[in-house]
Protein chains: 2
Amino acid sequence: MTGRRHDPDRRSRIIDVCLDLIAEVGVAGVSHRKVAAAADVPLGSMTYHFAGMDELLREAFGRFARAGSDGFEQRMSEATDLESARAAVVAIITQDVFGTQRDLVLTHELYTLASREPAYRELTNAWMARSRAALERHFDPVTARLLDALIEGLTIHRALDTEAPQPGTVTEAVRRITTPA
Amino acid sequence: MTGRRHDPDRRSRIIDVCLDLIAEVGVAGVSHRKVAAAADVPLGSMTYHFAGMDELLREAFGRFARAGSDGFEQRMSEATDLESARAAVVAIITQDVFGTQRDLVLTHELYTLASREPAYRELTNAWMARSRAALERHFDPVTARLLDALIEGLTIHRALDTEAPQPGTVTEAVRRITTPA
DNA sequence: CCGCGTTACGTACGGTCGTACACATCGCCC
DNA sequence: GGGCGATGTGTACGACCGTACGTAACGCGG
């Protein structure tokens, strides 16, 4: 039971390093050998800890999705009224969950996998469900759904657009979407 | 006797087949050999027609982006007033540009590349610029920008969400975004 | 009809990949 | 202390990869 020689978080570290590597070279460029080298573990550790590349990828993106979801919920839970809820959504879009280039790239990689393979779609579905639930604490279901889509779209634009976005644009979009007829 | 010798559209066919293959197995799963087999051309044709994998991918996604852009412009050009412009946007989201699973997957693959490599970001930027210009024929610049983001977001949700979307949701979203204070 | 440049192809090479599997190293129990 | 499972590692194998390059098939001016 106690027989662990070294490095109890090795498995977890491999997963983290794998995410970093994906952000850098893409899922396409990741290999057992590169992850092993980056995590400074022997190649044999890869097959020892993970049944195959799929298992590693699924665990890595599972962790990533859960982390994003947690940040989202946290941010929304701090809002108390309509105005602060709107502000929370703006914060999520402009600085929070996808603030870094790393997270933006990882999000796209995950979506790409999800668009083709059902196993990954479960991850994105769970993520979207949690986001919507968090939004529904402050908005009606239809608005929550639309907001969720808007967040997605504005995030992507922020990721790909080269020209800097207007500061008030996001605020304006959130205001319009959260203003029913 | 070796047939095939003269085949003027070969290069073009390779590009099309490459897109199909990407949709099926992802950029990660594409190789010169697989494309050659799928297009029924010898392996040597790959290096003959394309300097390398990058060139093939860039041409393929260039064609894809231009096709999507064309459809977008066409659809918007048919609108004559505010109401028909709104309807055109709804049509784009729900049935048109990303109507097929193939196109959805390809869009994500392109975004993933663009999020990491500037060469592909030029493609997505040109695409987004054309979309915005088409929208600005009917909407003010800020609204056009927001609409563009909304289209992106709703499209992604349509792609990944398993549960069927409410029919009126998209219409409602477009109405809200295109209704300034 | 004949060279001959252009176009296109077949193949072979060096490299990276995932993974299996023999083997080393440890803690524990007797 | 000595065997013995459990835990972890090093390495080798076969598959697949991109690409370079020698060579064959063609069109055409002479």
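The structure presented is a predicted model; accordingly, all values stated were derived computationally and were not measured. Letters A, B, ... are given to chains in the order of the sequence lines, protein chains preceding strands, and every chain is numbered from 1.
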Task: Ionic contact status for Arg132(B) with Asp161(A), cut-off 4.0 Å - done: yes
TODO: Using only heavy-atom distances, determine whether the side chains of Thr112(B) and Thr112(A) contain a donor-acceptor pair under 3.5 Å.
DONE: yes
Task: Spacing of Ile14(A) atom CD1 relative to dG8(D) atom C1', expressed in whole Å - done: 11 Å
Task: Integer-rounded Å distance: dG18(D) C1' and Glu55(B) CD - done: 14 Å
Task: Atom pair distance, as rounded to whole Å: NZ in Lys34(A) and C1' in dG18(C) - done: 14 Å
Task: OP1 or OP2 of dG8(D) under 4.0 Å from side-chain N/O of Ser45(A) - done: no
Open item on the list: So if I take every side-chain heavy atom of Pro42(B) and compare against dT9(D), dC9(C), dT19(D), which nucleotide ends up nearest?
Closed with: dC9(C)
Task: Pair Arg130(A) + Asp70(A), salt bridge at N-O below 4.0 Å - done: yes
TODO: May I ask you to say whether Asp40(A) pairs ionically with Arg13(A), meaning some side-chain N is under 4.0 Å from a carboxylate O?
DONE: no
Task: Phosphate OP1/OP2 of dC17(C): any Ser31(A) side-chain N/O under 4.0 Å - done: yes
Open item on the list: Side-chain N or O of His32(B) versus OP1/OP2 of dT19(D): is the shortest distance under 4.0 Å?
Closed with: yes
Task: From dT9(D), dC9(C), dA12(C), nucleotide with atom closest to Leu43(B) side chain - done: dA12(C)
Task: Whole angstrom value for the distance that separates P of dT19(D) from CG of Leu56(B) - done: 10 Å
Open item on the list: What is the separation between atom CZ on Phe50(A) and atom C1' on dG8(D), rounded to the nearest whole Å?
Closed with: 14 Å
Open item on the list: Between His49(A) and Arg33(A), which residue's closest nucleotide on DNA chain D lies nearer the 5′ terminus?
Closed with: His49(A)
Open item on the list: What is the separation between atom OH on Tyr48(A) and atom P on dA22(C), rounded to the nearest whole Å?
Closed with: 17 Å
TODO: Report whether Val105(A) and Tyr120(A) are members of the same hydrophobic cluster (ILVMFWY, side-chain heavy atoms less than 4.5 Å apart, transitive linking).
DONE: no
- [ ] Would you mind classifying the nucleic acid contact of Met46(A) as base, sugar-phosphate or nothing, using non-hydrogen atoms under 4.0 angstrom?
- [x] nothing
- [ ] To the nearest Å, give me how far apart CZ (Arg11(B)) and P (dT7(C)) are.
- [x] 14 Å
